[in-house]
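Here the structure is laid out as structure tokens; the discussion comes afterwards.
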Protein chains: 6
Amino acid sequence: MFFHHGELAYTVRVDKPNPVFARMLQQAIGGPEGELRVMTQYLFQGFAYRGPSKYRDMLLSTATEEIGHVEVLATAVCMNLEGAKSEVVDQVATNPMIAARMGGIDPRHFLSTGGGATPADANGVPFSAGYVDAGGNLRADMRANVAAEAIGRTLACRLYEATDDPGMKDMWRFLIARDTMHQQQWLAVLEELEDPANAPGDFENEGEFANVAYGFFNHTTNEPPADAAWTSGPSLDGKGTFHVVDPRSMSAARPELQPAPHDMHRGPEATMPHEQDGNGGSSPGALAQLREMLKA
Amino acid sequence: MFFHHGELAYTVRVDKPNPVFARMLQQAIGGPEGELRVMTQYLFQGFAYRGPSKYRDMLLSTATEEIGHVEVLATAVCMNLEGAKSEVVDQVATNPMIAARMGGIDPRHFLSTGGGATPADANGVPFSAGYVDAGGNLRADMRANVAAEAIGRTLACRLYEATDDPGMKDMWRFLIARDTMHQQQWLAVLEELEDPANAPGDFENEGEFANVAYGFFNHTTNEPPADAAWTSGPSLDGKGTFHVVDPRSMSAARPELQPAPHDMHRGPEATMPHEQDGNGGSSPGALAQLREMLKA
Amino acid sequence: MFFHHGELAYTVRVDKPNPVFARMLQQAIGGPEGELRVMTQYLFQGFAYRGPSKYRDMLLSTATEEIGHVEVLATAVCMNLEGAKSEVVDQVATNPMIAARMGGIDPRHFLSTGGGATPADANGVPFSAGYVDAGGNLRADMRANVAAEAIGRTLACRLYEATDDPGMKDMWRFLIARDTMHQQQWLAVLEELEDPANAPGDFENEGEFANVAYGFFNHTTNEPPADAAWTSGPSLDGKGTFHVVDPRSMSAARPELQPAPHDMHRGPEATMPHEQDGNGGSSPGALAQLREMLKA
Amino acid sequence: MFFHHGELAYTVRVDKPNPVFARMLQQAIGGPEGELRVMTQYLFQGFAYRGPSKYRDMLLSTATEEIGHVEVLATAVCMNLEGAKSEVVDQVATNPMIAARMGGIDPRHFLSTGGGATPADANGVPFSAGYVDAGGNLRADMRANVAAEAIGRTLACRLYEATDDPGMKDMWRFLIARDTMHQQQWLAVLEELEDPANAPGDFENEGEFANVAYGFFNHTTNEPPADAAWTSGPSLDGKGTFHVVDPRSMSAARPELQPAPHDMHRGPEATMPHEQDGNGGSSPGALAQLREMLKA
Amino acid sequence: MFFHHGELAYTVRVDKPNPVFARMLQQAIGGPEGELRVMTQYLFQGFAYRGPSKYRDMLLSTATEEIGHVEVLATAVCMNLEGAKSEVVDQVATNPMIAARMGGIDPRHFLSTGGGATPADANGVPFSAGYVDAGGNLRADMRANVAAEAIGRTLACRLYEATDDPGMKDMWRFLIARDTMHQQQWLAVLEELEDPANAPGDFENEGEFANVAYGFFNHTTNEPPADAAWTSGPSLDGKGTFHVVDPRSMSAARPELQPAPHDMHRGPEATMPHEQDGNGGSSPGALAQLREMLKA
Amino acid sequence: MFFHHGELAYTVRVDKPNPVFARMLQQAIGGPEGELRVMTQYLFQGFAYRGPSKYRDMLLSTATEEIGHVEVLATAVCMNLEGAKSEVVDQVATNPMIAARMGGIDPRHFLSTGGGATPADANGVPFSAGYVDAGGNLRADMRANVAAEAIGRTLACRLYEATDDPGMKDMWRFLIARDTMHQQQWLAVLEELEDPANAPGDFENEGEFANVAYGFFNHTTNEPPADAAWTSGPSLDGKGTFHVVDPRSMSAARPELQPAPHDMHRGPEATMPHEQDGNGGSSPGALAQLREMLKA
């Protein structure tokens, strides 16, 4: 269960409203690198968590913090869309620099929301929960969380660089600091889980596969460096030795796919003769399985 | 530039074709955990790579390996869809166990492809390039790649568990071994990049933010453990000390958003009086900016 | 069955073609507030309608009107993309105001359609039938239709404000009038269905739930107004009295989720000991269910 | 800013875990009728709210309640996925009724999450923020909210009917009661806003359009009933009288679209002669505008 | 402008309602091969058509026919969802064959629409207008239309094979006949447009490119057949001679991408030294361009 | 299995970097007309191919060529994003022509990738595998491939027109030549498959349907031309004669849909009386089927 607190997680101040920056902020709300993604990712990892409560509590606490970050950013979008004062309008028609800026806005900020944020990215692509990485393995999920914060912090730094507005710069310094903590926090869990180990940790590569598991398969026409960190020396999980493999050494003949039964209508080149798939006789073909099930 | 080699990257053998397993294999082709995702992720990271060539060559080599994994899995789907022999059809109508299985198929394997794989997941959701994480920062991208392989290997292990078919189990042991290598390989790059450090590495939290960057903000109503790895002790980047923070200590009053200009039509409660936004006078309102730009 | 009539539903006249306005018009074609959404929504509500024909006929009649509105708007887009006269081109290179406008176009209007509308919104996001609300309950569907027209008319008013072109303003006055009728029309059906009542109308909240059904659960840290329309007085369906509830009064302990069977590979913290899930013995785990079904 | 409370909003008890019901519950989490939609809709309406705080506080309070409903439902999914006991597994292979059920599961509940909920619908389609209706007009938004709750409550009632599990039935009775309150609550706001009126309320249909705004345009080949609530009598906003209109009375000739400039490559039938679009002379065509802008 | 005719385009009769077949029919409504795709494709091609009216009239006439096909199929879905008679229900619990069928249904047909069709495919994926091919070149559009009908007719034939219901088989024979006409009709236009020619027809490959335009680039490791239809003989447009090319003969060195300016935060390996990008001096870096524009 | 070759498929040279052109190039990477679409389409057609290997080898060879085209275009995007030199930045703030251009960029090229291409279109919409047409019938697939190349070549020609950069124009001449070959190549296969014939080729329209299969159904209010290529003369498959049909001659009464069982909660107008659906008695309704299956 959740509660809302009237104040914002951090000060949002916009010294000079700018609708182009409002558009850019959207990337941090609804993009694959944005807050709706990490919020949904941590919530669903937390909801599905099985095991001692300490990790779940942390996941849900930080997920809840992220909901507040969406609030902070959405408020910043709203404030950057303000200030459509009449003087500005007059300038649009006469000042080419101001007119130029209008080309960079998100028209939906005016047409669809009347001056509010959308749950979408900087190009207006709606947030999709398909961005969420949650695999139901704690180590894998922690790796996904470090990754999401690393990419999110990179975006945050670029948004910091893209503005001169003191209020917006201050807000981004706060959010970048939080992204720092979150990266560190998930890394701390990984360390507890004996990093760098593989996820999942309970499946061992045995027999010939123990060797396959540490070979760099060279799929390029040039020779990989013999002494790269991934072509020589012990692997990081301590279970093997990196080496280079020619992938052709493992390849196998392509199996000949069977022609399809007649009722698949694949065309003459891909269909077995009528009598062979049974359609010529009393028995039906492939889609006939579906048909028979429907009859059942 | 790429070349195709007639053989498959590994043997694909299906001892007992099973259309329900064909459906499950789709998750490893077109799901967020699947090969189309890592293939696209590594390709685009490699194409956009700037810097010494060794990392780019490795990214593109492994990306190319993944295209071949899509080929292996798509072939496995095709072979699991074979064997719609007439005897089987007869059994559908009389054997409830076989009929039951038909409920678990992907109907598009029959209706849309006539017995082939689709670029979609196990529920038929088409692959979206929105799943791809590529942030244009090498460390962040490496973290994204470790995460993708960790979640992908978890899926692979579950698919291994879900089948008794010796051919399919053998194929999965190979693919799990490759996922092992890929996890290790990206981790090796991260170690070279001085892990565990933050991405991006060239933005420092200064002043008061240096402290914010290592505080666990407790957004739950219960007390977090004082001695957890993320609430005490030095941070992993060696730049701070983990501690617990009450987020209310940083919160700020919600700024009062201005009423919108009249031509936004937000409703009386949210619109400034007509004269104030200039519409009552000679000057236009908010959408008027767009209008003026159009005139220009 | 449908027929096409050669004339347009209303005059489309563009006095001064403007490719930026062409882009904005797209929101009314393919956005969540647009004509493709209401057209698809009314068509599928009508196709699935069960009951006396008068409501179905009305749904399909208005759906058919909306197809014609898509036609009107698509024609308006085409006409706004005309006039790429050679003089204009010369001005692009010398007149910053005209160059500025080019930043606001949809490049696909030039690159993908060669001067035509797309079934997408103002940011180029393709129309998705996921926007459609059709619940198969007449009252719920009517509410969805009033909502779609209310949001659509808001967009229409903003598009009217965003242009000075007399032809475009005239077209929008017509379309806004039609949105007025459609709002009124669905409201008239709701009145016939004894509004304001709940959808669906044949499920009663009984016992303790009769009380829960009229409580405002306060999930904020401040006190809600005691005399708001939703915190006191009789409910609109006449079946209860609005009152404020502390949601903690209904809350319940979080159930402890079980560790997962071994073959789920969730990680040590979330997995039950091998012997407990049967994998240590002769019986299989969770994915084994899938495996057994495949064998069957 | 948000806080998480350790307890759930309501008791979640699953007497007999059922993975098919787990799949059905997903519709109420990630479908267009689900909790992620209303949660996101209310959050973004609240974040963008301008005006006296009472409506915003209510929006954000109820949005926060909905996050807790996602938690309740996700927990219910997890619990319905439990109980993969070894006896059950044995039965899968021998009991056709249990095998039959396996066809109705979401394979991602096993393969992707290892026994957890996904932010997706009952068919595995990821939640899209494109489902959200938020128009930035209070009356329009309230209509959208009533609609979302009406359709959501319809789904909830059907899920109640679809289970015999006492714990699940109890949970649904609670959630249906909450959907009742939410429908009533948004209706109460609409009454305060002088319902049934149009959204937006500050655009009047004038002149000939005042008449167009209350005519039922008959787009069917049969005659509409003369005395239907939408073909006669005063309109609900009290501003007009419903009447039937033959839409051909308003139709207009289709404007002849101009041939496109030569560099659009539309084909001979759709392209103006080379000399006419200036390409034959010294001036460029349509895409030339883009080209000139690039040069600028 | 469009009109609706009360009758259906063809008889819809379901002799034995079957909810699994209802699900399969959805592929023909909302899949990439379905009627919503061709309807939207022809409508938008027709709306954007420039040139003599005969092609536009045909496009819009057939588009209108397709709307009626959506109606026919949606009606067929509704009828296949009927017949949930009480006897059937009793059988579900005792007859494993009937229980088995339930696994193959679309749960949204029951939960979301209460017995109606959805604008989605057989896996519940909502129709996306991104499926539409409309390039604004008549020949290219005609090719897209032949393709859509060819793939659609293949699906239709498979749906015909998948049912034994006499009413459904009769409906499919009608729809397959219509798909035949539509394929032929678009082919007839192509013949008029001098097929087989390239689209667009007004761009010639000159100089060295005239040769490149007819070479089969062999990107496999094996030798292509020397006498295949695409490796020898005159090309179909009569402008060249097919021949085999080793793609390495055209390849070029990969250009070295520049390090990025400092404010891109790409990581040390990909970032130019601070002084070089101007950040060390008085001038800003890459994102600074955005920043400067915002200031403007 | 695939291999990567260090060189690019063709020279990529950008004489004057231009971030607006970088955005336009994205359409050719990730749009429905782009290289990711044809690459995925040919790969999956090839992977699922059944029959003699010559067609499969060609499909996979050309698919592999297309992966290299993605590489070429992604490299061109990267190079067009370079050159953010400090002088340029200074000019942004003072030169309105340069400022104007910034409105046309894709902000994600700066914010999300730090100067790299995205797997998305010119409006930032992520590539979706739903664009892919692959029907599992060789003739239908070849038609889909001709269409994809025809629409792709149209886009390519427009991109050629939109730039004056000599390097970019040269690259486009190469890619247009390759699109020419690919169109010709798929047409050559179609000729081998006895074009113009219908797909699939093994379903005949018999009895009354033989006539329906060659009639132009006139769904417009005006008379179609009697002598058009699609209204008279022999059909292209030589199996019928084109003629005009009034679609009303085939229409049929709309079947009356049954009221739904009580537990569907469709509303009074659409629900059968309680006793009729068995809910009043001892037997359950429609959703009861699901419920019974869950119990089973």
Side-chain angles (χ1 to χ4, degrees), chain C residues 7-8 11 61 64-65 78 82 84 86 89 92-93 99 102 114-115 135 137 140 143-144 146-147 150-151 154 157 173 177 180 183-185 187-188 192 196 198-200 203 205 209 212-213 217 219-220 229-230 235-236 251-252 254 257-258 260 264 266 278 283-284 286 288-289 292-293 296, chain D residues 7-8 11 61 64-65 78 82 84 86 89 92-93 99 102 114-115 135 137 140 143-144 146-147 150-151 154 157 173 177 180 183-185 187-188 192 196 198-200 203 205 209 212-213 217 219-220 229-230 235-236 251-252 254 257-258 260 264 266 278 283-284 286 288-289 292-293 296:
Chain C
E7 300 208 315
L8 296 181
T11 309
S61 174
T64 308
E65 182 180 353
C78 292
E82 290 181 348
S86 49
V89 177
V92 170
M102 298 307 287
N137 172 281
R143 291 205 184 291
V146 179
I151 286 197
T154 303
C157 289
R173 289 188 72 84
T180 310
Q183 272 192 71
Q184 292 293 313
Q185 166 181 338
L187 285 168
E192 250 186 25
N198 300 304
F203 188 97
N205 299 291
F209 299 109
V212 172
F217 278 32
H219 280 267
T220 61
W230 54 89
S235 67
L236 279 84
S251 71
R254 177 185 298 273
L257 298 182
Q258 297 176 17
M264 283 292 205
R266 286 191 64 100
S283 302
Q289 286 193 39
E292 288 303 305
M293 183 180 66
Chain D
E7 299 208 315
L8 296 181
T11 309
S61 174
T64 309
E65 181 179 354
C78 292
E82 291 180 346
S86 49
V89 178
V92 170
M102 298 306 288
N137 172 281
R143 292 207 184 291
V146 178
I151 287 196
T154 304
C157 289
R173 289 188 70 85
T180 310
Q183 273 192 70
Q184 291 293 312
Q185 166 180 337
L187 285 168
E192 252 186 24
N198 301 304
F203 188 97
N205 299 291
F209 299 107
V212 173
F217 279 30
H219 280 267
T220 60
W230 54 90
S235 68
L236 279 82
S251 70
R254 176 185 298 273
L257 298 182
Q258 295 176 15
M264 284 293 206
R266 287 190 63 101
S283 301
Q289 287 194 39
E292 288 304 304
M293 183 179 67

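Just so it is clear, the values below take in all heavy atoms, side chains as well, and ignore hydrogens, waters and symmetry mates. To find a chain, count down the sequence lines: A is the first, B the second, and so on, and within it residues start at 1.
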Among N198(D), T64(D), L187(D), residue most engaged with chain C (heavy-atom pairs, under 4.5 Å)
N198(D)

Got F217(C) and V212(C) here, is their nearest side-chain heavy-atom distance under 4.5 Å?
yes

Report the option among C78(D), S61(D), A188(D) that has the most heavy-atom pairs separated by less than 4.5 Å from atoms of chain C.
S61(D)

Closest heavy-atom pair and its distance - R143(D), V146(C):
CD-CG1, 3.0 Å

Non-hydrogen atoms of chain C under 4.5 Å away: do they reach the side chain of E65(D), the backbone, both or neither?
both

Looking only at A147(D), P196(D), A229(D), A199(D), most heavy-atom pairs under 4.5 Å shared with chain C are made by A199(D)

Could you work out, with side chain to side chain contact (heavy atoms under 4.5 Å, CB included) as the rule, every residue matching A213(C), not counting sequence neighbours?
N205(C), A177(D), T180(D)

Output the option from C157(C), P200(C), G135(C) having the highest count of non-hydrogen pairs under 4.5 Å with chain D.
P200(C)

One should read off an interatomic distance between Q185(D) CD and L236(C) CG, to the nearest 0.5 angstrom, of 11.5 Å

R266(D), part contacting chain C, at a heavy-atom distance under 4.5 Å
side chain

Which residues pass the side chain to side chain contact (heavy atoms under 4.5 Å, CB included) test with E7(D), sequence neighbours left out?
S251(C), A253(C), H5(D)

Side-chain donor/acceptor of Q258(D) to backbone N/O of E82(C), under 3.5 Å
no

Under 4.5 Å from any heavy atom of chain D - which part of Q184(C)
both

Interface residue of largest heavy-atom contact number with chain C, from A144(D), A140(D), S235(D), under 4.5 Å
A140(D)

If you take all heavy atoms of M264(C) and G115(D), which pair is closest and at what distance?
CE-N, 4.0 Å

Pair count under 4.5 Å, heavy atoms only, with chain C: among N137(D), T11(D), L257(D), highest is L257(D)

